[in-house]
2 protein chains.
Amino acid sequence: MSLAQIEYFVAVAEEGTVHGAARRLHISQPPLTRHVRALEDELGAPLFERTPRGMRLLPAGEVFLAHARGVLAAIDDAAAAVRRQSAAVS
Amino acid sequence: MSLAQIEYFVAVAEEGTVHGAARRLHISQPPLTRHVRALEDELGAPLFERTPRGMRLLPAGEVFLAHARGVLAAIDDAAAAVRRQSAAVS
DNA sequence: CCCGCCAATACCCATTCGGTATCGGCCACT
DNA sequence: AGTGGCCGATACCGAATGGGTATTGGCGGG
């Protein structure tokens, strides 16, 4: 599991389609599809239901989404804390 | 910043040397050195003091270490929560 | 004074990641 | 009922990233 995969998952969950998320992430649709599948494979459970209209979150996906947002926020916090600390010294 | 870089940083901080951390991570020393430097570059601040005896955490490194452990724990939680949810359905 | 341990650098190869082109399926609209 | 359009999935290829081996430079201890 990589950080990029987590960001990609959140984008797909929020946009509702792989196409829309790809546009937002400035990558193309096929690699994004692959990352979502790789994440599901690694977690051992599907996160989305594929419909002709797009991707709908399954219960497992809802659960992961909440955690994923927490992880991304924690990373931002970590970077901000380091920059704050190093600024305080100088 | 990648998840691997965070794990690598934690290993170096705990082992005290790049060599020791590399052994624990089952990779070799040079790529590990590069990842640590890349992480410092991205954060805009050094995290370790290089000594002839190894790597000593700087204050900014101590701050980041605490956050880094939280991020890794949050990811484990996320994976465990998904597996729990998907198990509950089946 | 020199030997040993450490991180840093140079260079190369394997793997991963992203892009273009294309396919298959389902719904909407005629 | 037929067809056009939008969706995700797959095949294939080139670029970028990541890890490995070999080597260097620097400091401290015997």
Side-chain angles (χ1 to χ4, degrees), chain A residues 1-62 64-65 68 71-72 75 79 82 86, chain B residues 1-62 64-65 68 71-72 75 79:
Chain A
M1 177 166 11
S2 78
L3 239 122
Q5 281 176 342
I6 297 179
E7 293 168 3
Y8 291 176
F9 163 79
V10 172
V12 172
E14 289 179 354
E15 294 287 332
T17 71
V18 175
H19 276 95
R23 215 174 322 125
R24 168 170 143 190
L25 295 166
H26 303 110
I27 67 174
S28 58
Q29 172 256 320
L32 187 47
T33 291
R34 286 194 298 258
H35 276 296
V36 170
R37 289 194 70 87
L39 182 60
E40 291 177 322
D41 286 352
E42 184 173 349
L43 291 173
L47 301 174
F48 292 103
E49 177 193 354
R50 273 74 170 171
T51 81
R53 320 286 295 159
M55 310 278 276
R56 186 195 325 270
L57 274 177
L58 293 173
E62 302 269 11
F64 190 70
L65 178 57
V71 168
L72 296 181
I75 286 178
V82 167
S86 105
Chain B
M1 177 166 12
S2 77
L3 248 150
Q5 281 176 340
I6 297 179
E7 293 168 3
Y8 291 176
F9 163 79
V10 171
V12 171
E14 289 179 356
E15 294 288 331
T17 71
V18 176
H19 275 95
R23 215 174 324 121
R24 169 170 143 190
L25 294 167
H26 304 109
I27 67 172
S28 58
Q29 172 255 321
L32 187 47
T33 292
R34 287 194 298 257
H35 275 295
V36 170
R37 289 193 70 87
L39 182 59
E40 292 177 322
D41 286 352
E42 184 173 347
L43 291 173
L47 301 174
F48 292 104
E49 177 192 355
R50 272 75 170 170
T51 80
R53 319 286 294 159
M55 310 279 274
R56 187 195 325 269
L57 274 177
L58 293 173
E62 302 270 10
F64 190 71
L65 179 57
V71 168
L72 297 180
I75 286 178

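Lettering follows sequence order; numbering is per chain, from 1.
With hydrogens and angles disregarded, no donor-acceptor distance shorter than 3.5 Å links the side chain of B/Glu42 to the backbone of B/Leu39. At distances below 3.5 Å, not a single donor-acceptor pair connects side-chain atoms of A/Glu49 with backbone N or O atoms of A/Arg56.
We find that CD of B/Glu42 is positioned 13 Å from P of D/dT17, with the value rounded to whole Å. The separation between A/Arg53 atom CZ and C/dC26 atom C1' is 10 Å, rounded to whole Å. One interatomic measurement links the two molecules: CD of B/Glu49 to P of D/dG26, which rounds to 18 Å at whole-angstrom precision. Atom CD in A/Glu15 sits about 11 Å away from atom P in D/dG8, given to the nearest Å. In this structure, B/Leu57 places its CG atom 13 Å from P of C/dA7, rounding to the nearest Å. For the pair A/His19 NE2 and D/dA9 C1', the computed distance is 11 Å after rounding to whole Å. Atoms CD1 (B/Ile27) and P (C/dT16) sit 15 Å apart, rounded to a whole Å. Regarding B/Gln29, its CD atom lies at a distance of 12 Å from the C1' atom of D/dT24, rounded to whole Å.
Enclosure of atom CZ in A/Arg24 by more than 12 non-hydrogen atoms of other residues, nucleotides or ligands within 6.0 angstrom is indicated. Within a 6.0 Å radius of CZ in A/Arg50, more than 12 heavy atoms belonging to other residues, nucleotides or ligands are found.
At the heavy-atom level, A/Ser28 lies under 4.0 Å from base atoms of the strands shown.
Of the candidates D/dG19, D/dG28, C/dA21, D/dG19 carries the atom nearest the B/Arg34 side chain, counting heavy atoms from C-beta on. Out of C/dT20, C/dA8, D/dG19, the shortest distance to the side chain of A/Pro30 is found at C/dT20. Comparing atom distances between the B/Tyr8 side chain and each of C/dA8, D/dC27, D/dG19 picks out D/dG19 as nearest. Candidate nucleotides D/dG19, C/dG18, D/dA9 were compared by shortest atom distance to the side chain of A/His35, and C/dG18 ranks first. For B/Met55, counting side-chain heavy atoms from C-beta on, the closest listed nucleotide (D/dG20, C/dA7, D/dC7) is C/dA7. Of all nucleotides listed (D/dC7, C/dA7, D/dA9), D/dC7 comes nearest to the side chain of A/Thr17.
If B/Val18 and A/Pro31 are placed on DNA chain C by their nearest nucleotide, the residue sitting closer to the 5' end is B/Val18.
Using a 30° and 60° split on the angle between ring planes, B/Phe64 and B/Phe9 fall in the perpendicular class, above 60°.
Within the 4.0 Å cut-off from OP1 or OP2 of D/dA9, at least one side-chain nitrogen or oxygen of A/Arg50 is found. OP1 or OP2 of D/dG8 has not a single side-chain nitrogen or oxygen of A/Thr33 nearer than 4.0 Å.
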